[in-house]
Amino acid sequence: MEIAKAYDPKEAEEHHYARWEASGCFAPEINENPDAEKFSIVIPPPNVTGTLHMGHALQHTLMDVLTRWKRMQGYKTLFLVGVDHAGISTQLMVTRQLKKDEHKAPQDIGREAFTEKVWEWKNKYGDVITRQIRKEGLSVDWTRERFTMEESLSTAVREVFVRLYEEGWIYRGTRIVNWCPKDKTVLSDLEVKEEKAKDGKLYYLTYPVKGTAEKLTVATTRPETMLGDTAVAVNPGDERYKHLIGKTILLPLTSREIPIIVDDYVESEFGTGAVKITPAHDPNDWEIGQRHNLEMLVVMNDDATMNEAAGPEFNGLDRYAAREKVIEEFEKLGLLEKIEDYDVTLPHCERCKTVIEPLLSEQWFAKMDEMRDQALKLLREENSPRFFPEVPHKKVYSMWLENLRDWTISRQLWWGHQIPAWYDKDGNIFVAHSKEEASAKAGTGDLIQDQDVLDTWFSSALWPFSTMGWGGSEPGAIATGFLDDEQKNPVAIAPGFDKTNDLQTFYPTDVLVTGRDIIRLWVSRMVMTGLKFTGEKPFDDVIIHGTVLDKNGQRMSKTKNNGIDPLEVFAKFGVDATRMTLAGSATGIDFAWRDEKVESYRNFANKIWNATRFCLMNSEGAKVDLQSLSRMSVPPAVAGGLSEPPATFSLADRWIISRLNKTAKAVDHALKTYQFHEAVQLLYHFFWDDFCDWYIEFVKDEIVGNADILVSENEIADKDVRVPVARARILTILEQAIRMLHPFMPFLTEELWQKLPGTSSLLHNAAYRSAEKTIMLADFPKCNEAMIDEAAESEMNAVIELITKVRNIRAEMNIKSGDKFTVHIAADRTFQQVFKANEPQILKLAKAEKLVISGKMDVPKASAKAVTANAEIAVPLEGLIDFDMERARLSAQIEKLDIELQRLHGQLSNANFVGKAPAEKVSELRDRHTEIEQQIKTLRINFYALI
RNA sequence: GCCGACUUAGCUCAGUGGUAGAGCACUCGCUUCACACGCGAUAGGCCACAAGUUCGAACCUUGUAGUCGGCACCA
């Protein structure tokens, strides 16, 4: 069979995904083994407004590698996919569109019509990210796709809210909150980003003390808030102000009189030692206000303009205009002491970058204390979740939990889960699962539901179990199942999908893969709610991946416009090459994006393609056959025709099979410890260096059918029998390698595997025997310890070293490629045998025409020389050799070895080393010392022979 | 202010208490019948700096410098 000369990823990417999906390979139901262990992962749901970026691609690749690997091992695998409704982002997006299309604001059309619009938008544009996920090749179960706003998940949200409320963990209260004046909503601390202000100023305002000629100076970065001052505070121990305590201030620009109070919060050394107190506009001031029973005077509206309480002159002014005006007025009054430049960091809205205004506001809060304590207990007692890498994430996680504050969970938006609380005419609150239930509680149907929605992260926090049908049953009980809102989000249910079983089967999940920025926003909250509502931790392991940076090591951002679009990279180099690049960078470490890196994996993909091409071109009469890798690989009929059981394995065969098994073992270990890059390196090295560069070259003549094959000395095998055996063997080794590569390079490997003769569902893991043939379900290769052959590895290494040294002579002596020569080899009996047995390969790969193998070197002076660990090599080059050049070559080799010899000598003559180092180490170094000494000796003899 | 990470070949990065590795780039040579997205052969590093622990440190400890993060505070 012949295939194209180069790999074209596009074709494979187009064909296989749809087929996999259609044949149910992604759904756990494909697994026929009733006793199969499960493996489950939930995707961190991307925003419905999102488009794929490199961070997703990295995260998704790691999850898919794990899932495909486990699936091939016969685990009942669920990789659950879904999308987040992304409250603010989505509302902003639809608001913008509404303005553009209909020149309307949400308020113009009302809540119901607006949310209807959002659903329309979602149904029309909300699948961008999921289509992109398909392109990535993710083996997610689309039959279980979830959306945080669908009915079943909303049920879970309401259940959690009601329970927490009833237990007293959720309350409504008036606090200073982070207010975004542009989005006009409250934000949690985690949605606020501190950023340095460009030209921060500190304003010193002077306040006259009533009944004296004295004045008191306070400093502030937000002068406009002085309109809401209700006290000035000093430290109780501050001698400067002692006599003023209890007196009052005549607050300029207002007609108000405010007290001078003492509070330990004030540091005498800082600023002027006197602090203006604005309880309604600053969190610290609010606390002081609580302690001293101060008036809370709100002087701003929700759009950060000043309100009536700020006085008629300021009413309606924007906060910055008001700031200017306050300064002007103070200046006029001679009360502005000074303005200093001041480094100040200001809170910004994560979404719209507007400066946050701390504001007194009535909101819903969740007290996390009980859940926090459970999470901390889990961490301390069971070290769960385990973070990979553990440093520094474990600490970030635990420190945040330890200092956890109440969570502001309400948002002044329309898009999201509306808070299940109803108010009667008197303002009494009834929290319930539905209006009916609330009415029953209230004894009246005349109720109005709370207008706010919940923080997007509230529903995300329930993701691992709400997606699996959790409906509010008691911890540990079987899920009650869920209902889907069919009008809005119809979900196809796979045949055999038992709605009530998912939670029981797949929860808790095995591993979570996510970025470090949401450890607190999301990971911690999943742990807390998971423990409380299911009685179990939602996952054991948390892999925190690194950040993909641009090629200059900068973070990718829209403002810098330095983002790299994964889809463009897919188009240029293929999905598989991109996945290899992402999986090939060390877990948890940031790395700069380089197209060159992808290019090298693109080349690797092509290498795999061409190695397969070669095997297919020479596959007649053979097929993939696992028996061909075991010792008794010759069919009985043939074996019967020979007098002895045949030694069918050449050195190269034993070697590559040993390497294959070692690689399987190492890959398994690497993946178990989430060292994805380690697995990538192992597979790359095995395939390219071991399999292509050496094995294929060694057996090429044999499988092409050019070579006579020696069975034993003087006995040449029957080609008709031997060639197919050799072909089956190379096909099988290739097939095993491709299987191991599949989790990383799903498209290429499927494309090739389908073409290999002899592949069928019989090669599937036992759990998938009746499924349609696909490499996705092939059994993942396991190490067979019996096939690890150290003798073969060391003998093969001797042959490789020999060939390399001869090639080196050829290159350094400038011998034309067409010129053939004789190679003399001196070695001990064992290695004489080894070299003899591999003579045809050595001749071919070293481009020599004759080998002279003996126990002692005897060649003309005009020879190029080299030594290996096991042999002395000479190539007679009468007339071609330049003695000066050869001497230089030899002395360079001697010099190199001598440096090592000196170091070894130094160590071995150190009594401390010999006395204290492990005996094994000492003898290892002694052997090495002897070996190098011998090599140097040989090289020296050769060197002096040339003088 | 507190905490953390990083500093290894020209570049991007692996790595280990005892011979320093890869990919790309560079140099030289190959139209070798799977692959020039290839083959072969070189070259290139006192593993940031200093001190300590150790028989032995690039690896462990401490300090210094640079780079980058996170958190807190901000009258």
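Chain letters run A, B, ... following the sequence lines, proteins first and then strands; every chain starts at 1.
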Base, sugar-phosphate or nothing for [X]? Non-hydrogen atoms, less than 4.0 Å.
{"X": "A/A592", "result": "sugar-phosphate"}
{"X": "A/D693", "result": "sugar-phosphate"}
{"X": "A/K805", "result": "nothing"}
{"X": "A/E678", "result": "nothing"}
{"X": "A/I589", "result": "sugar-phosphate"}
{"X": "A/A586", "result": "sugar-phosphate"}
{"X": "A/R602", "result": "base"}
{"X": "A/L202", "result": "sugar-phosphate"}
{"X": "A/E599", "result": "nothing"}
{"X": "A/E340", "result": "nothing"}
{"X": "A/R516", "result": "nothing"}
{"X": "A/E194", "result": "base"}
{"X": "A/C692", "result": "base"}
{"X": "A/K844", "result": "nothing"}

Choosing from [options], which nucleotide comes nearest the side chain of [X]?
{"X": "A/E812", "options": "B/A34, B/C35, B/U42", "value": "B/U42"}
{"X": "A/K896", "options": "B/C55, B/C35, B/A43", "value": "B/A43"}
{"X": "A/E267", "options": "B/G4, B/A75, B/A41", "value": "B/A75"}
{"X": "A/K921", "options": "B/G4, B/A34, B/G18", "value": "B/G18"}
{"X": "A/V266", "options": "B/C35, B/A75, B/C55", "value": "B/A75"}
{"X": "A/A219", "options": "B/C37, B/A75, B/G18", "value": "B/A75"}
{"X": "A/F270", "options": "B/U19, B/U12, B/A75", "value": "B/A75"}

Using a cut-off of less than 4.0 Å, is there contact between a side-chain N or O of [X] and OP1 or OP2 of [N]?
{"X": "A/N284", "N": "B/C74", "answer": "yes"}
{"X": "A/K607", "N": "B/C39", "answer": "yes"}
{"X": "A/N603", "N": "B/G38", "answer": "yes"}
{"X": "A/Y265", "N": "B/C74", "answer": "yes"}
{"X": "A/N912", "N": "B/G56", "answer": "no"}
{"X": "A/K700", "N": "B/C39", "answer": "no"}
{"X": "A/W688", "N": "B/A34", "answer": "no"}
{"X": "A/R520", "N": "B/C71", "answer": "yes"}
{"X": "A/T221", "N": "B/A75", "answer": "yes"}
{"X": "A/H677", "N": "B/G15", "answer": "yes"}

Parallel, tilted or perpendicular: rings of [Y] and [X] (30°, 60°):
{"X": "A/F387", "Y": "A/H393", "result": "tilted"}
{"X": "A/F691", "Y": "A/Y695", "result": "parallel"}
{"X": "A/W688", "Y": "A/F604", "result": "parallel"}

Report the distance from atom [atom1] of [X] to atom [atom2] of [N], rounded to the nearest whole Å.
{"X": "A/W400", "N": "B/G69", "atom1": "CH2", "atom2": "P", "result": "23 Å"}
{"X": "A/K597", "N": "B/C24", "atom1": "NZ", "atom2": "P", "result": "13 Å"}
{"X": "A/L748", "N": "B/C37", "atom1": "CG", "atom2": "P", "result": "17 Å"}
{"X": "A/Q893", "N": "B/A43", "atom1": "CD", "atom2": "P", "result": "10 Å"}
{"X": "A/F591", "N": "B/C68", "atom1": "CZ", "atom2": "P", "result": "20 Å"}
{"X": "A/K551", "N": "B/G10", "atom1": "NZ", "atom2": "P", "result": "21 Å"}
{"X": "A/R323", "N": "B/A75", "atom1": "CZ", "atom2": "C1'", "result": "14 Å"}
{"X": "A/L908", "N": "B/U19", "atom1": "CG", "atom2": "P", "result": "12 Å"}

Should [N] form a Watson-Crick or G-U wobble pair with both distances under 3.5 Å, which nucleotide is its partner?
{"N": "B/A41", "result": "B/U27"}
{"N": "B/C13", "result": "B/G21"}
{"N": "B/C60", "result": "B/G52"}
{"N": "B/C73", "result": "none"}
{"N": "B/U7", "result": "B/A65"}

Nearest heavy atom decides the nucleotide; on that basis, is A/R222 or A/L190 closer to the 5' end of RNA chain B? A/L190
5'-most by nearest nucleotide on RNA chain B - A/P918 or A/S600: A/P918
A/E933 CD to A/R926 CZ distance, which is reported to the nearest 0.5 Å: 12.5 Å
May I ask you to check whether [X] and [Y] show a side-chain donor-acceptor distance below 3.5 Å?
{"X": "A/N178", "Y": "A/D189", "value": "yes"}
{"X": "A/Y601", "Y": "A/D576", "value": "no"}
{"X": "A/K276", "Y": "A/T278", "value": "yes"}
{"X": "A/E735", "Y": "A/T732", "value": "no"}
{"X": "A/R240", "Y": "A/S268", "value": "no"}

Which value, in whole Å, describes the distance between the [atom1] atoms of nucleotides [N] and [M]?
{"N": "B/C6", "M": "B/C47", "atom1": "C1'", "value": "14 Å"}
{"N": "B/A25", "M": "B/G17", "atom1": "C1'", "value": "33 Å"}
{"N": "B/U8", "M": "B/U16", "atom1": "C1'", "value": "12 Å"}
{"N": "B/C3", "M": "B/G63", "atom1": "P", "value": "10 Å"}

So, does the side chain of [X] form a donor-acceptor pair with the base of [N] at under 3.5 Å?
{"X": "A/Q681", "N": "B/C13", "answer": "no"}
{"X": "A/K5", "N": "B/A34", "answer": "no"}
{"X": "A/T345", "N": "B/C73", "answer": "yes"}
{"X": "A/Q675", "N": "B/A14", "answer": "no"}

Donor-acceptor contact below 3.5 Å, side chain A/R602 vs main chain A/E596: no
